[in-house]
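Here the structure is laid out as structure tokens; the discussion comes afterwards.
Throughout, a chain's letter reflects where its sequence line sits, starting with A, and its residues are numbered from 1. All values below were derived from every heavy atom in this structure, side-chain atoms included, with hydrogens, water molecules and symmetry-related copies excluded.
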Amino acid sequence: MKKSTQYRLLQGNEAAAEGALAAGVRFFAGYPITPSTEIAEILSVRLPELGGKFIQMEDEIGSIAAVIGASIGGVKATATSGPGFSLMQENLGYACLTEVPLVIVNVMRGGPSTGLPTSPSQGDVMQARWGTHGDHPIIVLSPASVAETFHYMVKAVNFSEKYRNPVIMLMDEVIGHMRARVSLPPWSMVETVNRIIPNMPPEWYVPYERTSMGVPPMASFGSGYRYHVTGLVHDEQGFPTGKSSEARDNIMGIFKKIERGFREVCLVDYHRMEDAEHAIVAYGCMVLSAMSAIEELRDDGIKVGLIKLGTLWPFPRFALEHYLPQLKTILVPELNMGQIYREVVRVDMGRAAVEKINKINGELITPDEIIKAVRGLAR
Amino acid sequence: MISNAELVKKYCRHNKKFPHIWCPGCGNGIILSGLLRAVDGLGLRKDEIAFVSGIGCSSRAPVYVDFNTLHTTHGRALAFATGLKLAKPELTVIVATGDGDATAIGGNHLIHACRRNIDMTTIIFNNYIYGMTGGQYSPTTPHGAHGSTCRAGNIENPFNISALVEAAGASFVARTTSYHVMQLQDLIKKAIRHRGFAVVEVITHCPTLYGRLNKAGGAPEMLKWQREVAVPKNKAAKMSPEELEGRIVTGVLVEKELPEYCDLYDEIIRQAREKAGRGGENE
């Protein structure tokens, strides 16, 4: 990559790989899986050029485990999955509790099970939120274009480092495999965030003592700060505890740090919402259908706009709440049975009429279908 | 040789985590002490050691010692250790795992770690049973032996861990028992020194569960049994298969020089950088 802005024809998956590299990711572990394999293939070439490392593990369980190990070793790390996301759930919970930064790219495909391997889907939205056992916070981003994939990937790595929490890049097959001409900024223009590392002498280091930001500084293994990391609920020293007060502090601590960063991690965009009476709430590839539907509906004089969710979890409820007083109806098109729809209903609390369009057969929801639905609602 | 008191003072997190969770008579402490004596004998610095484990009684070992310690999920220790070693090749990575952790839920990670030959040492505490959950049969429980989930006797056949890891490609394999404490520390030393993936299988005893369920006696009787069944490799070479029936062959079983993964990857990096011209221009 050159020093100036560069225009390239990129696939969504390539943009994710380039974004990871620009954000400083230097370790990748993965397992071949459609539709995210390109990310692994690209990084297997690009990482060693930058002195980084790539490893193909025996399964996705091992992939995320290796990524956690590398991150504890002080290297920014990422892994990919499609349906293998199911296998990653165990250690995803481990990373949440031990507060190890990492990014997982899940390019969703039709499910359940082996499902529709080469067809798009948005079926993993709830799994991304609640897939691992136990209460835990999570950050989930969902890009809606190739260019956005690059920028969101950088943000995903930055959020994971800043909050010491796993971040899921929840892409769909359309965005992953779409090609577009995108401008990539030179790396010197890419804002990157690194985890806070301890600056006190090792004997004063309390591994899980939170700073005022709510995030404990993280020493990498081998840096002179010897400490214990465990998936058991632990005290500030990092040692297992069964004490209820310490258990509460541990779990509440991981929630609070994300609550504190709520506004920052919630990426939302609005399109033609100023005077909108009807809103489409969309994310991922559904944004493309929604955008084109809105142009046509506006030509017909229907006041419709788009609330585009870049972050799915934590759910950016304020984005809806802000516009609810002016809205008559909300339409939620999704390639699942209505996973974000339920969140919209929850936040709406009966104020606007909320409707959904769903497809789970591997086909997209077309602009025409959205136009028809909005016309029906606006009538 | 370093005394017990000195060993504890030098390496244990004595102010934090004791008493430990192991039952009276458990063999795990003997193995941990063997490891610490090996580390001391090799003169390794505490900062350069990463001690990784999975889940189970044996996997509680890291919490007690003052290294960089990583207590992971069930069966996954080797996969975590793989990522850690690649990120920080200068670390001496040691993995503690049990028979259930390493060969049941973690069996896949174990064979692939053997095949990759990444420089680390895996100590498998083999007590033939799941101790922490109450004595269920494991992949190494002998045929006919009893566990809390095989009251009538185990109808499955056990893994021979050392043979398994040898077949999977481990470049160093050794076996001993918790009775043979001098051999134990010597083998762990050799395993750590070995450049490549090294496995030390340690036959140990669980008097609380395996001992009771199989009427094998308490810790002293079980230790005596280990002494009786152990046969050094040289002696075993002269024995017939019938004579070796029910015996445990000890010593260094495999030791070969194979290219190590991190070394090979460094070469990949060198070539990639050369090919990419100045490489890392944007770093």
Discussion item. For A/Asp59 and B/Asn108: C-alpha separation, side-chain torsions, deciding distance, then whether side chain to side chain contact (heavy atoms under 4.5 Å, CB included) applies.
Written reply: CA-CA 9 Å; A/Asp59 54 29; B/Asn108 202 30; 3.5 Å; yes

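Looking at A/Phe221, both its backbone and its side chain come within 4.5 Å of chain B, counting heavy atoms on both sides. Of the two parts of A/Pro202, neither the backbone nor the side chain holds a non-hydrogen atom closer than 4.5 Å to a non-hydrogen atom of chain B. With a 4.5 Å cut-off on non-hydrogen atoms, A/Phe54 touches chain B through its backbone and its side chain both.
Heavy atoms of other residues, nucleotides or ligands lying less than 6.0 angstrom from CD of B/Glu90 number more than 12. At most 12 heavy atoms of other shown residues, nucleotides or ligands fall within 6.0 angstrom of atom NZ in A/Lys155. For A/Ile197, the CD1 atom is loosely surrounded, since the number of other residues' heavy atoms within 6.0 Å does not exceed 12. In this structure, B/Tyr130 places its OH atom where more than 12 heavy-atom neighbours from other residues, nucleotides or ligands lie under 6.0 Å away. More than 12 non-hydrogen atoms from other residues, nucleotides or ligands lie less than 6.0 angstrom from NZ of B/Lys256.
When all heavy atoms of A/His228 and B/Pro62 are compared, the pair lying nearest together is CE1-C, 4.3 Å. When all heavy atoms of B/Ala87 and A/Val75 are compared, the pair lying nearest together is CB-CG2, 3.7 Å. Closest heavy-atom contact between A/Gly73 and B/Lys88: O-CG, 3.4 Å. For A/Gly51 against B/Arg273, the heavy-atom pair with the smallest separation is N-NH2, 3.8 Å. Residues B/His109 and A/Glu58 share a closest heavy-atom pair of ND1-OE2, 2.8 Å. Summarising the geometry of B/Tyr265 relative to A/Gly52, their closest heavy-atom pair is CE2-O, 3.5 Å, with the distance given to 0.1 Å.
Ranked by heavy-atom pairs shorter than 4.5 Å toward chain A, the options B/Asp266, B/Ile268, B/Ile49, B/Thr72 are led by B/Thr72. Most heavy-atom pairs under 4.5 Å with chain B: of the set A/Thr98, A/Leu21, A/Ile61, this distinction falls to A/Ile61. The most heavy-atom pairs under 4.5 Å with chain A, out of B/Arg115, B/His112, B/His74, come from B/His112. The candidate with the highest count of non-hydrogen atom pairs below 4.5 Å against chain A, out of B/Asn68, B/Leu70, B/Leu84, is B/Asn68.
Going from atom CE of A/Met57 over to atom CG of B/Leu78 covers 9.0 Å, rounded to the nearest 0.5 Å. Distance OG1/B/Thr73 to CG/A/Leu92: 11.5 Å, rounded to 0.5 Å. In this structure, CZ on A/Arg226 lies 14.5 Å from CZ on B/Phe51, to the nearest 0.5 angstrom.
Taking 4.5 Å as the limit, some side-chain heavy atom of B/Thr82 sits within range of a side-chain heavy atom of A/Ile55. Looking at heavy atoms from C-beta onward, B/Arg76 lies out of side-chain contact with A/Tyr94 at the 4.5 angstrom threshold. Within the 4.5 Å cutoff, the side chain of A/Val45 has no heavy atoms near those of the B/Lys275 side chain.
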